Amino acid sequence: MNHSTHRAEDRMGLELELKAGLGATEAASLSGELDARAGRHQPAENLRAIYFDSEDERLGRAGIALRIRAEGKGLVQTAKIGRSTVGGFHQVREVEAVVPRWQLDLQAVPDAALRADILEKLGGQEATPRFQTRIQRQRWVVRHDHGIVEAALDEGEIRAGAAVMPVHELELELLEGSPESVFELAADLLGSEIVQLTLPSKAARGQMLANGKTWQPAVSGGKPSPAVSGEPGVESWGRALEKLAPAIAGNLFLLFREPDPEGPHQLRVALRRLRSAIHLHKPLLRPGLALALSTSARDIGRLVAPLRDCDVLTEAFARRDALSPDLLESLAGHRQQLREEVIRSLRDARATGFAIRLLGLASIGGWKGQAEAQHLTIDQLSEIAFAKLWKKALRLGDSLSALADEERHELRKYLKKIRYLMEISPSSVDRKNFAARIKKLQEELGFLNDVAVFGDWNPPVPPEQASELASARKLYVKAMTERSDLALGRACRHWRDVRGSAPNLAAQPQP
């Protein structure tokens, strides 16, 4: 909707917008970039809004938001309903009317059906003020290749009683043209920035605040729900993308902002799941898209890998050995330096731009390939994808005891892909048992990979700490190596179990 400061009539329409949480540095940079693209922004507006609901939040639980907001010299009452959300992308129907005072007037809702629905949901309860927002907004109107987009930088707060939540965000709202323009502009503006792309609406955050909670981003591996046998592949892909795109965007932001090792770990998990989903649904995707997405996901995962290895090895090393405080501080410093290097590499690689692209594909589509492939069911797609991966796993697995470190790691990656494919594919008891056996094998192969990686791990420390590090490292490597023969033996036994329980993934040649 075009939010002018004067309104002569009631308005109804569909609002499409992408929200991104910002820091002060990113906001200042964006302000200058938007001035360059669209000319100086309009004078800043001070927007105050009050949101209404019943005491037991009947409207909020039904997906309805009611507010009155001061705009210019008037007051506008807005009802929002039918919200569809993927990450920070929101598509919602809104109905607006000018009102004379800060008092909710449900009879002023111009859509009779919506008005009746609101009254029914309230069930005789009164809608009273629940929280309010006070925002200073700067606006630009940006013409892009496929449409016209309003960009708004918001700074202010959400307040519920004495509780306050700060607001620092960019909103990109479609005024005219294709929704593609919102995501294209977002990628242009934010592709190499550190931004939160999974931001809920102000109404959702206000409801949390009114209930004594504060919204915080959380790590997620983005595990999709399994498909049902006979389900169209297009539905399976859409559901997987809707789950994985926000997970990748959210974990990327957490890696940027927090030192918690779970951020890098869950980002890599979500990227691997995405690559498996792409492999499974590749026949449905338009030419070149599968390769482009899979390559980007692989490259981002490779950039994160050194940090993940450093997190795991530093913590494992420190737990096992009684290291001096000075050496522990040096290892922590190396870890932080590596983290900063990884963040710079991700920004240079425009990892945020990749996350925006995924959110766009999940929200508005644009991924479908040849029409004749769109009828394929998840069962047909699974058979094709499993056969290819299982053939590669068999080639390495049947020689497991003689594989080099790199080959064992390659087998481990194939098995991960198969396991992630099974998470999406129709489930059965046989497949669950097969996946459980794969997981046991992965754990042993993971230990063997840690042995190989740790053998090459040599973090820089001051000269006076080198001797202590070398001594502790020698003891740790020796202990790990002594266990590696046992781990390899267990891995070979688990491989036999995996091979013998494969549920008709492909024709299996005999060893």
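These figures come from a predicted structure and were not determined experimentally. By convention here, the first residue in the shown sequence is residue 1. Atoms considered below: every heavy atom in the structure, side chains included; atoms not considered: hydrogens, waters and symmetry mates.
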(message) Within the 4.5 Å heavy-atom criterion, are I194 and T352 side-chain neighbours or not?
(response) no
(message) One pair to check against side-chain hydrogen bond (donor to acceptor under 3.5 Å, both in side chains): S324 and D326. What are the steps and the verdict?
(response) CA-CA 5 Å; S324 68; D326 288 344; 5.5 Å; no
(message) Classify the ring geometry of H281 against W237: parallel below 30°, tilted from 30° to 60°, perpendicular beyond 60°.
(response) tilted
(message) side-chain contact (heavy atoms from CB on, under 4.5 Å), that's the test. Do R205 and L209 meet it? Break it down for me.
(response) CA-CA 6 Å; R205 283 174 279 165; L209 196 64; over 6 Å; no
(message) Looking at E329, I want to see if its CD is surrounded by more than 12 non-hydrogen atoms of other residues, nucleotides or ligands under 6.0 Å.
(response) no
(message) Salt bridge check, D405 against R408: does any charged N sit closer than 4.0 Å to a carboxylate O?
(response) yes
(request) Classify the side-chain pair S501/N433 by whether it contains a donor and acceptor separated by less than 3.5 Å. (result) no
(request) Using a cut-off of 6.0 Å, state whether more than 12 heavy atoms not belonging to E340 lie near its atom CD. (result) yes
(request) Classify the ring geometry between F454 and Y476 as parallel (under 30°), tilted (30 to 60°) or perpendicular (over 60°). (result) perpendicular
(message) Does the plane of the ring in W457 sit parallel, tilted or perpendicular to the ring in H334? Use 30° and 60° as the thresholds.
(response) tilted
(message) Do E184 and H146 pair up side chain to side chain, a donor and an acceptor below 3.5 Å, judged on atom types alone?
(response) yes
(request) Please say which of K416, K413, R419 ends up in a side-chain hydrogen bond (donor to acceptor under 3.5 Å, both in side chains) with Q442. (result) R419
(message) Around atom NZ of K243, are there more than 12 heavy atoms from other residues, nucleotides or ligands closer than 6.0 Å?
(response) no
(request) Check the surroundings of atom NZ in K282: do more than 12 heavy atoms from other residues, nucleotides or ligands lie under 6.0 Å from it? (result) no
(message) Under the rule for salt bridge (charged side-chain N to carboxylate O under 4.0 Å, His left out), what residues qualify as partners of E180, not counting sequence neighbours?
(response) none
(message) According to side-chain contact (heavy atoms from CB on, under 4.5 Å), who are the partners of S330, at least two apart in sequence or on a separate chain?
(response) V461, P462, Q465
(request) Say whether, by atom type as modelled, one donor and one acceptor occur between the side chain of Q196 and the main chain of T198 under 3.5 angstrom. (result) yes
(message) Between D188 and H144, is there a side-chain donor-acceptor contact under 3.5 Å, judged purely by atom types and distance?
(response) yes
(message) Once salt bridge (charged side-chain N to carboxylate O under 4.0 Å, His left out) is applied, do any residues pair with R490, and if so which ones, sequence neighbours excluded?
(response) E444
(request) Report the C-alpha separation of W495 and Y414 in whole Å, then their side-chain angles, then the decisive distance to 0.1 Å, and conclude whether the ring pair (Phe, Tyr, Trp, His ring centres under 6.0 Å) test is met. (result) CA-CA 13 Å; W495 168 250; Y414 287 140; over 10 Å; no
(request) Go through the side-chain N and O atoms of E57 and N211 and say whether any donor and acceptor fall under 3.5 Å apart. (result) yes
